[in-house]
Structures are given as structure tokens and as C-alpha cells.
Amino acid sequence: MKLDQVIIAYKAGDPFAKKWAERCAHELEAGGSKILLGPSGFKDNPYPVFLASVSEPIDLAIVLGGDGTVLAAARHLSKENIPILAVNVGGHLGFLTEPFEQLQDSEALWQRLRSDTYAVETRMMLEAKVCEGDRHDPEIISETFYALNEMCVKPAAIDRMPTAVFEMEVDCTIVDQYHGDGLLVATSTGSTCYTASANGPIMHPGLEAIVVTPICPLSLSSRPIVLPARSNVDIWPLGDYDLNNKLWSDGALATSIWPGQWVNVQKAHCDCKFIILRETYSFYQTIRDKLQWAGSRIHHQNAHRN
């Protein structure tokens with residue numbers, strides 16, 4: 001991998017992440033790299049400036065933080081086909097990141113990257129647009145929003161907690177109407193995040209699929225459904241037409257959805273590419289460690305395993 005032009009984004013407001021970001025920048029600049037450095041957080045979005053200020057392709061994005069920092073990078077950089085090296089520096093769960101130990105010998109890390117001694121993991125993403133007009137010939141009235149984990153449609157009200165009513169179509173066929181707090185449309189990567197909290201299925205991130213999960217539905221028959229990755233999902237807000245809804249992308253506000261409009265969600269035209277440094281990695285071990293998946297309350301020894 002070339003390291004001629006490198007983005008370094010770190011968790012905003014975290015002195016430890018900033019310290020390591022500056023150290024990485026100094027070392028890479030000493031090796032001839034051009035560095036774009038900045039904080040990433042709820043009030044800080046460095047990526048539009050980064051992308052607008054370069055004339056040469058960006059070879060790598062180094063993201064130092066937790067899962068929220070990584071998700072922001074994925075939304076902005078995946079469509080530019082920029083690989084991401086995410087390291088848990090100042091993060092909490094660190095589900096999507098490499099462990100901090102991989103960064104500690106940073107000089108050896110740069111040599112490893114330059115000699116292509118790493119793996120690349122590709123994760124499916126979602127894209128969403130707001131539409132209105134004729135359902136058979138819709139007018140797209142928003143930009144395209146991207147998500148690595150999930151798209152979420154919820155009511156927007158500051159003075160009450162209304163019940164949402166959404167009708168879902170898949171490939172132009174009505175599937176169901178959902179009454180509840182909202183609707184999640186997630187990737188396999190996102191199945192272990194908000195979707196898991198809403199009692200959706202846990203899916204291996206290597207599986208390309210879309211899972212639709214109602215949030216707190218007012219019916220025992222409203223169940224999550226797993227769809228093929230190429231499915232076209234339309235979500236139509238119904239019910240209270242004085243109430244608008246909002247579309248959220250990986251927990252970040254994307255846009256408002258007004259009466260007469262609906263949301264189209266489908267597999268994105270781009271994927272997220274993660275640099276993997278660990279020599280051994282197990283998704284099942286990760287969910288045991290990170291999500292405290294305990295399984296049986298009584299542990300039995302397996303004498304048949306060596």
C-alpha cells in the first residue's frame with residue numbers, strides 16, 4: 001500500500017486519541033506522507049474538508065476512536081473507496097476496531113502497511129433516499145445517505161411520544177404495516193447494534209443481507225425479517241399527517257420526512273473496506289467479549305476437544 005496521502009481522524013475531545021493521532025502524523029510525515037489531520041465527533045465533521053482539499057487519491061484513512069468515530073468515517077469515505085484502519089483509542093465498545101496494541105509499535109505498523117502485510121475486510125453498506133410523487137415513477141428529493149450499521153425511521157415530536165405507523169414494501173410488494181416506536185433497516189454489521197437491542201437477529205458480518213426490525217411494536221406478530229441484499233425497501237409513514245418523521249443514519253440525523261414522502265433503502269453501490277491487522281479474528285469471540293454473550297448459565301467441559 002502506498003502512504004503518499006493519508007487521513008488521520010481522531011475522537012473529538014479525547015486527549016489520548018489526539019496525542020496518538022499527532023504522533024502518527026509526525027512519523028508518517030517524516031516518511032514522506034502528506035497528512036490530513038482533524039477531530040471527528042458529534043460537532044466535528046472533518047471529511048468534507050479533507051475530500052475537498054486534495055488533488056491526489058487518498059491512500060488510507062486512520063481512524064482513532066471507538067465505533068461512533070468509525071461509523072462517521074465509513075459514511076463519508078466508503079463512497080470514495082478509501083480503506084479504513086480503525087484502532088480503538090479512547091473508545092468504549094470497540095466492536096469495529098483493531099485493538100490499541102496494534103498501534104503501539106507504530107513505526108513497525110507503517111512498514112507493515114507499505115509491505116502489504118495485512119488483510120482487507122469488506123462490509124456491505126446501505127443507502128437511503130427520500131422520495132415523493134408517483135410511487136411507480138418517484139421523484140428523489142434528497143441527497144443519498146449512507147450507513148454501515150442501519151437506517152432508522154422514527155417520529156419527530158418534541159412534546160409527545162407518538163406511535164409510528166409505517167407501511168413497508170419490498171420490491172413493490174406490501175409486506176406489513178408496523179405500529180410502534182419506529183423501524184430499523186440494518187446490515188449484518190448493524191445486526192449487533194441497535195437491531196440487537198430491538199430484539200433482531202444476530203448475523204455474521206460476512207453475510208450480505210438486510211434485516212428489517214420494528215422498534216417496540218404494538219403487536220406480537222410484528223417480527224424482524226431478513227431480506228436478500230438486493231432487495232428494494234420502501235417505508236411509507238402513515239397515520240397522523242400533522243406529524244413528520246426523521247431518517248437517522250447510524251444514529252446521526254440524516255433528514256426529515258414530511259407527509260406524502262417516503263424512504264427508499266437499498267444496498268449501497270459502495271462497500272466499506274477495513275484494514276485487518278490481527279492474525280487471528282473470530283466474530284463469535286468478539287460478540288462473547290463485547291456483548292457479554294454468556295450462553296448457558298452452567299458451563300460444561302467438552303472432553304472431545306483437544
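Predicted, not measured: the structure shown is a model, and the values here were computed from it.
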Could you pull out all donor-acceptor pairs under 3.5 Å where a side-chain atom in residues 203-221 meets a protein atom, sequence neighbours excluded?
| residue | atom | partner | partner atom | Å |
| --- | --- | --- | --- | --- |
| H204 | ND1 | G206 | N | 2.9 |
| S219 | OG | S221 | N | 3.2 |
| S219 | OG | S221 | OG | 2.8 |

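- A donor-acceptor contact shorter than 3.5 Å links the side chain of D59 to the backbone of Q5.
- No continuous path of ILVMFWY side-chain contacts below 4.5 Å connects V87 to L71, so the two sit in separate hydrophobic clusters.
- In this structure, CG in L37 is found 11.0 Å from CD1 in I7, a value given to the nearest 0.5 Å.
- When hydrophobic clusters are built by joining Ile, Leu, Val, Met, Phe, Trp and Tyr residues whose side-chain heavy atoms come closer than 4.5 Å, directly or via intermediates, V63 is grouped together with L96.
- Atom CD1 in I82 sits 10.0 Å away from atom OH in Y47 (nearest 0.5 Å).
- Rounded to the nearest 0.5 Å, atoms OH (Y281) and CD (E98) are 9.0 Å apart.
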* Could you go through the side chain to side chain contact (heavy atoms under 4.5 Å, CB included) check for K34 and D4 one step at a time? => CA-CA 6 Å; K34 295 180 180 179; D4 296 338; over 6 Å; no
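- Contact of the P237 side chain with the I257 side chain is registered, since non-hydrogen atoms from C-beta on lie closer than 4.5 Å.
- Contact annotation: the side chain of L126 approaches that of V185 to within less than 4.5 Å [non-hydrogen atoms, C-beta and beyond].
- Here the side chains of I225 and M168 are in contact, with some heavy-atom distance below 4.5 Å.
- Counting heavy atoms from C-beta on, the side chains of L36 and V54 come closer than 4.5 Å.
- Of the N and O atoms on the side chains of N232 and D171, not one donor lies less than 3.5 Å from an acceptor on the other residue.
- A donor-acceptor pair under 3.5 Å is absent between the side-chain atoms of T97 and the main chain of G66, judged by distance alone.
- Atom CG of D289 has more than 12 neighbouring heavy atoms from other residues, nucleotides or ligands inside a 6.0 Å radius.
- Within a 6.0 Å sphere centred on CZ of R223, other residues, nucleotides and ligands contribute 12 heavy atoms or fewer.
- Checked by atom type and distance alone, the side chain of S78 never pairs as donor or acceptor with a backbone atom of R75 at under 3.5 Å.
- Taking T189 as the reference, R123 meet the side chain to side chain donor-acceptor pair (under 3.5 Å) condition, with sequence neighbours excluded.
- In summary, E121 and K273 do not engage in a salt bridge, as defined by a charged side-chain N under 4.0 Å from a carboxylate O.
- Side-chain contact check for R288 and Q285: at least one donor-acceptor pair (N or O, by modelled atom type) lies under 3.5 Å.
- Defined by atom type and a distance below 3.5 Å, a donor-acceptor pair is missing between the side-chain atoms of E127 and T144.
- In this structure, E101 CD and N88 CG are separated by 9.0 Å, a value rounded to the nearest 0.5 Å.
- Between W20 and E22 the shortest side-chain heavy-atom distance does not fall below 4.5 Å.
- Counting only N and O atoms by type, the side chains of K154 and N245 include no donor and acceptor under 3.5 Å apart.
- Atom CZ of R230 has 12 or fewer heavy atoms from other residues, nucleotides or ligands within 6.0 Å.
- The two residues V170 and S231 have their closest heavy-atom pair at CG1-CB, 4.0 Å.
- Taken from OG1 in T192 to CH2 in W293, the straight-line distance is 10.5 Å, to the nearest 0.5 Å.
- Distance check: F166 CZ to L183 CG gives 7.0 Å after rounding to the nearest 0.5 Å.
- The hydrophobic clustering, which links ILVMFWY residues whose side-chain heavy atoms are closer than 4.5 Å, places L103 and L28 together.
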* Run the numbers on L113 and Y118 for side chain to side chain contact (heavy atoms under 4.5 Å, CB included), then give the verdict. => CA-CA 7 Å; L113 293 173; Y118 57 86; 4.0 Å; yes
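- Inter-residue side-chain proximity for V89 and Y10 is flagged as unmet; no heavy-atom pair is nearer than 4.5 Å.
- When only modelled atom types and interatomic distance are considered, E132 and W262 share no side-chain donor-acceptor pair under 3.5 Å.
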* To do: Give the C-alpha distance, both sets of side-chain angles, the deciding distance and a yes or no for side chain to side chain contact (heavy atoms under 4.5 Å, CB included) between K129 and F145.
  => CA-CA 7 Å; K129 308 179 186 72; F145 303 99; over 6 Å; no
* Tell me, with the steps shown, if C272 and T122 meet side chain to side chain contact (heavy atoms under 4.5 Å, CB included). => CA-CA 6 Å; C272 185; T122 300; over 6 Å; no
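- A donor-acceptor distance shorter than 3.5 angstrom exists from the side chain of S33 to the backbone of L3, with no hydrogens or angles considered.
- No donor-acceptor pair under 3.5 Å is formed between the side chain of S106 and the backbone N or O of L109.
- The aromatic rings of F95 and F283 lie perpendicular to each other, with more than 60° between the two planes, well past the 30° mark.
- Less than 6.0 angstrom separates the ring centroid of F100 from the ring centroid of F16.
- One hydrophobic cluster, built from ILVMFWY side chains closer than 4.5 Å, cannot hold both M151 and Y194; they sit in different ones.
- Side-chain contact between V6 and K2 is absent, with no heavy atoms from C-beta onward closer than 4.5 Å.
- Within the 4.5 Å cutoff, the side chain of E169 has heavy atoms near those of the W236 side chain.
- Checking side-chain atoms of K290 against main-chain N and O of L93 turns up a donor-acceptor pair under 3.5 Å.
- Using modelled atom types, one side-chain atom of R112 and one backbone atom of T117 make a donor-acceptor pair closer than 3.5 Å.
- A donor-acceptor pair under 3.5 Å is formed between the side chain of T286 and the backbone N or O of S282.
- Distance alone, capped at 3.5 Å, is enough to place a donor-acceptor pair between the D250 side chain and the N149 backbone.
- Distance alone, capped at 3.5 Å, is enough to place a donor-acceptor pair between the S53 side chain and the V49 backbone.
- Checking N45 against H76 by side-chain atom types alone, a donor-acceptor pair falls below 3.5 Å.
- I35 and I58 are members of different hydrophobic clusters when ILVMFWY side chains are connected at heavy-atom separations under 4.5 Å.
- Checking K246 against S256 by side-chain atom types alone, a donor-acceptor pair falls below 3.5 Å.
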